[in-house]
Amino acid sequence: MKIDDMLSKKRTLSFEVFPPKKSTEEKDELLKTIKRLKELKPDFISVTYGAGGTNAGIAAEISGCIKDIGIEPLAHITGGPSSPEDIDKLTQQLKSLGVENILALRGDRPIDHVGDYCKYFPHATDLMEYIGDKFCMGAACYPEGHIECNTLKDDIVNLKKKQELGAKFLITQIFYDNSYYYRLVHEAGKMGVTVPIIPGIMPLISAKNIARIKSMCGSTIPLDFRNMIETYSDHPNVMREIGLNYAVYQIIDLIAKGAPGIHLYIMNKADTAIEICERLKNVFNELF
Ligand code: FAD
């Protein structure tokens, strides 16, 4: 089923997984995780795509497995490392696996990437234009503005292009301060972006991930939350409770203020998703 059709009827609950590098054991492990996630009745599961493009085949294969397990997959595609021939091959593979939804992205050049980057598809919009209407397409957006954009307004101008090129929904970068999400929804709405903007939440359950989150996505961590994390960084069990409860707080606030769904970045950990869903079972049962 197409994600825009789902969103027209209800709030969506979704998870993001990343495909294994190559080993069969890792793939089996991921499939076990996906089967556990099915118990939580997600509307879709998204599968990331390596920025270098090297895992395209396996990422598509995992999307096919998700479909076979009985969950709707959302296959990410990054244009940066790809040629038009790569995209043709991948989109044909996805079609043959019955995948109906893709998330069109540019990606960032990995440090070890050899060869041209962004030669054919400098931006997600170029990839979207090339792929056309073969799939139900979504795209990425950034509550705090994309790092390369001078102003949020400039970023939203580009977001509007994504909508014009067929994006039927947007999924946000990780954020820990909901006010950035509300600002994006408000400003994008004023500039004519009307497609649903699904907030992406990543429970921060380990203190060592703070630096990683900062460098990977530049997300601001509110002072109160940061203080809690730093105070209990040597107590992993306490840290886990703090991170899960903070995510729960973010989700309830987002739902109360009208978010069209929740996308959870779970780093392939079914336990994280299960614990969040358990804490929020009435919210997901009654409001989704
Ligand atoms: P773009 O939309 O191209 O935006 C990049 C910058 O260019 C922005 O500043 C934007 O304002 C500007 N811009 C956009 N369009 C134009 C235009 N037409 N003309 C001029 N400027 C423009 N990375 C991966 O490698 N694999 C993944 O699977 C993956 N999944 C992600 C999922 C989500 C939900 C998000 C939020 C990010 C994901 N990323 C992934 C990271 C993403 O690839 C990087 O954040 C990258 O820097 C930008 O990708 P984009 O598609 O937003 O690029």
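Numbering of ligands and ligand atoms starts at 1, following listing order.
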Considering only the protein, which heavy-atom contact is closest to atom 11 (O) of ligand 1, and what is its distance? D155 OD1, 2.5 Å
Do L103 and ligand 1 have an N or O pair less than 3.5 Å apart? no
Flag K162 as yes when one of its N or O atoms lies below 3.5 Å from any N or O atom of ligand 1, and as no otherwise. yes
Do ligand 1 and T172 have nitrogen or oxygen atoms that lie under 3.5 Å from each other? no
Which ligand 1 atoms does T48 reach within 4.0 Å, using its non-hydrogen atoms? 28 (O)
E16, R109, H123: member with heavy atom nearest to atom 20 (C) of ligand 1: H123
Honestly, for K161 the part within reach of ligand 1 (heavy atoms, under 4.0 Å) is side chain
Does ligand 1 have any atom that is closer than 4.0 Å to a heavy atom of F121? no
The protein heavy atom nearest to atom 47 (O) of ligand 1 is D108 OD1, 2.7 Å
In this structure, atom 9 (O) of ligand 1 is nearest to the protein heavy atom H146 ND1, 3.0 Å
Does Y246 offer a backbone N or O that forms a donor-acceptor pair with the side chain of Y176 under 3.5 Å? no
The atoms of ligand 1 lying under 4.0 Å from a heavy atom of I171, numbered in the order shown, are 34 (C)
Between S8 and D5: side-chain donor-acceptor atoms closer than 3.5 Å: no
Other residues, nucleotides and ligands only: do more than 12 of their heavy atoms fall within 6.0 Å of NZ on K41? no
For the pair N101 (side chain) and M1 (backbone), establish whether a donor and an acceptor sit closer than 3.5 Å, ignoring hydrogens and angles. yes
Hey, can you tell me if Y181 and F175 have their rings parallel, tilted or perpendicular (30° and 60° cut-offs)? parallel
For the pair H123 (side chain) and T125 (backbone), establish whether a donor and an acceptor sit closer than 3.5 Å, ignoring hydrogens and angles. no
Parallel, tilted or perpendicular: which one describes the rings of Y117 and H113, with boundaries at 30° and 60°? perpendicular
Any heavy atom of R106 under 4.0 Å from ligand 1? The part involved is both
Should the pair K269 and F15 be classed as cation-pi, given the thresholds of under 6.0 Å to the six-membered ring centre and 45° from the axis? no
E148 versus ligand 1: do any nitrogen or oxygen atoms come within less than 3.5 Å of each other? no
C149: numbered ligand 1 atoms lying under 4.0 Å from its heavy atoms: 9 (O), 11 (O)
Output yes when the distance from some N or O of ligand 1 to some N or O of Y49 is under 3.5 Å, and no in every other case. yes
Can any side-chain N or O of Q173 pair as donor or acceptor with the backbone N or O of G218 at less than 3.5 Å? no
Charged N to carboxylate O below 4.0 Å: is that the case for K190 and E187? yes
Report yes or no: do Y182 and D253 form a side-chain donor-acceptor pair below 3.5 Å? yes
Residue-level breakdown please: for N158 versus ligand 1, do any non-hydrogen atoms fall below 4.0 Å on the side chain, on the backbone, on both, or on neither? side chain
Of all the heavy atoms in Y142, does at least one lie under 4.0 Å from an atom in ligand 1? yes
Quick one: look at T78 and ligand 1, take heavy-atom pairs under 4.0 Å, and tell me if it's side chain, backbone, both or neither. side chain
Between L94 and I77, is there a side-chain heavy-atom distance shorter than 4.5 Å? yes
Nearest non-hydrogen protein atom, atom 18 (N) of ligand 1: T125 OG1, 2.9 Å
Once the angle between the rings of H263 and F44 is folded into 0 to 90°, is it parallel (under 30°), tilted (30 to 60°) or perpendicular (over 60°)? parallel
Report yes or no: does E144 contribute a side-chain atom to a donor-acceptor pair with the main-chain N or O of Y180 at less than 3.5 Å? no
For ligand 1 and A124, I'd like to know whether there is a polar contact (N/O to N/O, distance under 3.5 Å). yes
Among all protein heavy atoms, pick the one closest to atom 30 (N) of ligand 1 and tell me residue, atom and distance. H76 ND1, 3.0 Å
Can you tell me which portion of Y265 lies within the under-4.0 Å heavy-atom range of ligand 1? Options are side chain, backbone, both, or neither. side chain
What protein heavy atom is closest to atom 35 (C) of ligand 1, reported as residue, atom name and distance in Å? A140 CB, 3.6 Å
Which one holds for L105 and ligand 1: side chain close, backbone close, both close, or neither close, with close meaning a heavy atom under 4.0 Å? both
